[in-house]
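Report on the structure given below.
Chain naming here is simple, since letters A, B, ... match the order of the sequence lines and numbering starts at 1 in each.
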Protein chains: 2
Amino acid sequence: MQPIYRALDRAVFRAASTMKSVRQITMAKRVSHRDSMCGVARPLDAIGDWWSLLIVRDAFDGLRRFGEFQKSLGLAKNILSARLRNLLAHGIMETVPAADGSPYQEYVLTEKGRGLFPLLVALRQWGEDFFFEPDEAHVLLVDRKNGLPVRRLELRAQDGRVVGAEDTMVRLPQASAGKGIA
Amino acid sequence: MQPIYRALDRAVFRAASTMKSVRQITMAKRVSHRDSMCGVARPLDAIGDWWSLLIVRDAFDGLRRFGEFQKSLGLAKNILSARLRNLLAHGIMETVPAADGSPYQEYVLTEKGRGLFPLLVALRQWGEDFFFEPDEAHVLLVDRKNGLPVRRLELRAQDGRVVGAEDTMVRLPQASAGKGIA
DNA sequence: CACGATGGTTTCAAATTAAAACTATTCGAG
DNA sequence: CTCGAATAGTTTTAATTTGAAACCATCGTG
């Protein structure tokens, strides 16, 4: 997933031990690649990996501290450290000085990070559809106001029709057209 | 992301050279883990990684053949092979004997795979919001019927209100409750 | 029947990940 | 003031995964 890295000067690469450093260094060289990346690949690249998405989910659940994330996810501290650094570098999370009186920083979602909510809901709904036995209990996303489950995500056209993949196509930037959802 | 693997008998693990084999072998042992996996982690585990999601996107775009995916994504053939195998194993894609007369099989999305459409749309819309300069051209997902861009995905409560992360919470299976979207 | 196209698998070096050990800071108790 | 526990990381090192290239197999064609 990171052909960019290979293109880097090895010496520079090795000098950069952390994910953050690598990303920062590659940023300049990456631009040309980014330009060629489609609207799906670019966000994926920013998120980083599955762990990051689970961190974001935990953040939506109100977790804020390094230790909370680590306990919740059960991942190695160095990995968590790298992932948080990446999320910070991409502006998906940010650190805030403190909340209670503790001397540590906390990690909270930025607006960009909160923008991932529909993605997580889509993931969850897909999971509910296909990864649980019909009788299997699972957590439910409910309306905080009345406790009722939320509806399914629906994609609607301008005229209000609910549309699926087969009803849509992609239009390339310069008046040319393609099909599908690329 | 795969603490399951570590728990495996190393000999068995090494005997399984391909992603598919590993997954099949782990499946039995994995069950207990799966049960503890939340509705977000479980789907993530099934998809596998970013490449897989890009393969699915390409499949929505109409690509069906090994070579087409490889050319489109530019990934190594062994990796593509492993990812396709994984997608097949998880029932996200399936092989069909042929379409034109060619003697090769084709890879197409199953219903489960097509269920990923909202996820990809969410990813794309997030990308549009935060990864493109305001003036930067990007592909647009449009209604096939009239060429107009589709609306944004919206999560609605039973009463029709559009709700965000802050308006929702998760309800755990057994009448207990938590907050957030876990 | 040689040959190119397609669809993979194997091999092996390089990169990444994970676990554990280690460091550093703060806070509270004695 | 000092010891020790808690928090938040970093470093080290081995195991695992990845990716590029080479290799292999099958089909259709000239």
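- Within the 4.5 Å cutoff, the side chain of B/D129 has heavy atoms near those of the B/R152 side chain.
- Taking atom CD1 of B/I79 as the reference point, atom P of D/dA20 lies 9 Å away to the nearest angstrom.
- If you check the side chains of A/S81 and A/N78, you find no donor sitting under 3.5 Å from an acceptor.
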Can you give me every donor-acceptor pair (side chain of residues 109-120 of chain B, partner residue at least two apart or in another chain, under 3.5 Å) with its distance?
unit_1 : atom_1 : unit_2 : atom_2 : d
B/T110 : OG1    : B/G91  : O      : 2.5
B/T110 : OG1    : B/I92  : O      : 3.0
B/T110 : OG1    : B/K112 : N      : 3.3
B/T110 : OG1    : B/G113 : N      : 3.1
B/K112 : NZ     : B/H90  : O      : 2.8
B/R114 : NH1    : B/L109 : O      : 3.1

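- In this structure, the CG atom of A/D49 is 15 Å from the C1' atom of C/dA15, given to the nearest Å.
- For the pair A/K71 NZ and D/dA6 C1', the computed distance is 12 Å after rounding to whole Å.
- Under 4.0 angstrom from either OP1 or OP2 of C/dT17 there lies no side-chain N or O belonging to A/W51.
- Relative to the six-membered ring of B/F132, A/R42 meets both conditions, a distance below 6.0 Å and an angle of at most 45° to the axis.
- With rounding to whole Å, B/L80 atom CG is found 16 Å from D/dA21 atom P.
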Write out a two-atom table: protein N or O, nucleotide N or O from nucleotides 1-9 of chain C, distance below 3.5 Å.
unit_1 : atom_1 : unit_2 : atom_2 : d
C/dT6  : O3'    : B/R65  : NH2    : 3.3
C/dT6  : O2     : B/Y104 : OH     : 3.3
C/dG7  : OP1    : B/R65  : NE     : 2.4
C/dG7  : OP1    : B/R65  : NH2    : 2.9
C/dG7  : OP2    : B/G67  : N      : 3.1
C/dG8  : OP1    : B/Q105 : NE2    : 3.3
C/dG8  : OP2    : B/Y107 : OH     : 2.7
C/dG8  : N7     : B/K77  : NZ     : 2.6
C/dG8  : O6     : B/K77  : NZ     : 2.5
C/dT9  : OP1    : B/R85  : NH1    : 3.3
C/dT9  : OP2    : B/S81  : OG     : 2.3
C/dT9  : OP2    : B/R85  : NH1    : 3.0

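- A cation-pi arrangement, defined by a distance under 6.0 Å to the six-membered ring centre and an angle within 45 degrees of its axis, is absent between B/R64 and B/Y104.
- Ranked by how close their nearest DNA chain C nucleotide is to the 5' end, A/P103 and A/L75 are led by A/L75.
- Ring geometry, A/W126 versus A/F131: the interplanar angle exceeds 60°, so the pair is classed perpendicular (tilted spans 30 to 60°).
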